[in-house]
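Everything on this sheet refers to the single structure shown next.
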Amino acid sequence: DSGVTQTPKHLITATGQRVTLRCSPRSGDLSVYWYQQSLDQGLQFLIQYYNGEERAKGNILERFSAQQFPDLHSELNLSSLELGDSALYFCASSSHEALYNEQFFGPGTRLTVL
Amino acid sequence: KNQVEQSPQSLIILEGKNCTLQCNYTVSPFSNLRWYKQDTGRGPVSLTIMTFSENTKSNGRYTATLDADTKQSSLHITASQLSDSASYICVVSARGSTLGRLYFGRGTQLTVWP
């Protein structure tokens with residue numbers, strides 16, 4: 001158990017809908033990272049937050065957004081969902097700001113868009 | 001172009017045998033290299049992390065090597081067990097900016113048969 005929690009574990013929704021994924025980092029970690037993993041792709045870095053502020057952006061679509069709250073939990077919002085958004089979404093956390101520090105991954109949320 | 005290439009894409013071995021997974025990278029400036037193990041449907045778990053000055057690092061039956069000159073790393077698994085069946089992902093970190101960048105390989109899918 002990495003100490004990172006994600007909810008929900010599974011999510012099934014329809015195209016065009018909006019969903020919110022939630023992540024709680026390890027105790028004491030200030031950085032939260034979001035990743036997408038599709039069947040035919042490796043892990044794709046989406047976005048990083050550090051202590052409430054956006055720090056780095058990867059291949060995140062404009063339909064997706066995230067935020068980190070004062071209690072350091074983070075939410076990833078996915079809107080106008082398309083079939084291709086079906087994937088595993090992972091959250092990771094670390095104690096430092098830099099991307100090259102070790103990250104601890106949560107169990108993931110499996111999103112299925114029908 | 002910064003890239004991380006892993007080989008083979010998939011591998012099947014018999015329980016008790018050894019195997020070696022490869023990771024070649026062109027990432028620069030290099031910061032560190034990590035190997036993650038990802039069980040199906042679960043979050044990646046860090047196995048080893050190596051910096052420029054480290055040639056070998058072990059974690060139980062897992063031994064990672066790094067040749068920073070040739071930009072190659074390998075992960076050797078000794079006396080494989082059924083529980084070693086998983087995807088093994090090589091992740092290379094680059095410095096250069098304040099936060100650095102992460103580059104992910106697409107993983108090697110290892111299957112261990114009884």
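Model, not experiment: these values are computed from the prediction. Numbered from 1 within each chain, the chains take letters A, B, ... in sequence-line order.
Looking only at heavy-atom pairs under 4.5 Å with chain B, the residue among A/Q6, A/Q37, A/R110 that has the most is A/Q37. Per-residue counts of heavy-atom pairs under 4.5 Å with chain A were compared for B/P44, B/G107, B/S87, B/S46; the largest is that of B/P44.
Heavy atoms of A/Y50 lying under 4.5 Å from chain B are absent altogether. Contact annotation for B/R34: only side-chain heavy atoms (C-beta onward) come within less than 4.5 Å of a heavy atom of chain A. Looking at A/L43, both its backbone and its side chain come within 4.5 Å of chain B, counting heavy atoms on both sides. Heavy atoms of A/Q103 lying under 4.5 Å from chain B belong to its backbone as well as its side chain.
Between A/Q67 and A/N77, some side-chain heavy-atom pair lies under the 4.5 Å cut-off.
Using a distance-only test at 3.5 Å, with no hydrogens or angles considered, a donor-acceptor pair links the side chain of A/S86 to the main chain of A/V113.
Within 6.0 Å of CZ in A/R26 there are more than 12 heavy atoms belonging to other residues, nucleotides or ligands.
Between B/L102 and B/S93, the closest heavy-atom pair is CD2-OG, 3.1 Å.
To the nearest 0.5 angstrom, B/T48 atom OG1 is 6.5 Å from B/L75 atom CG.
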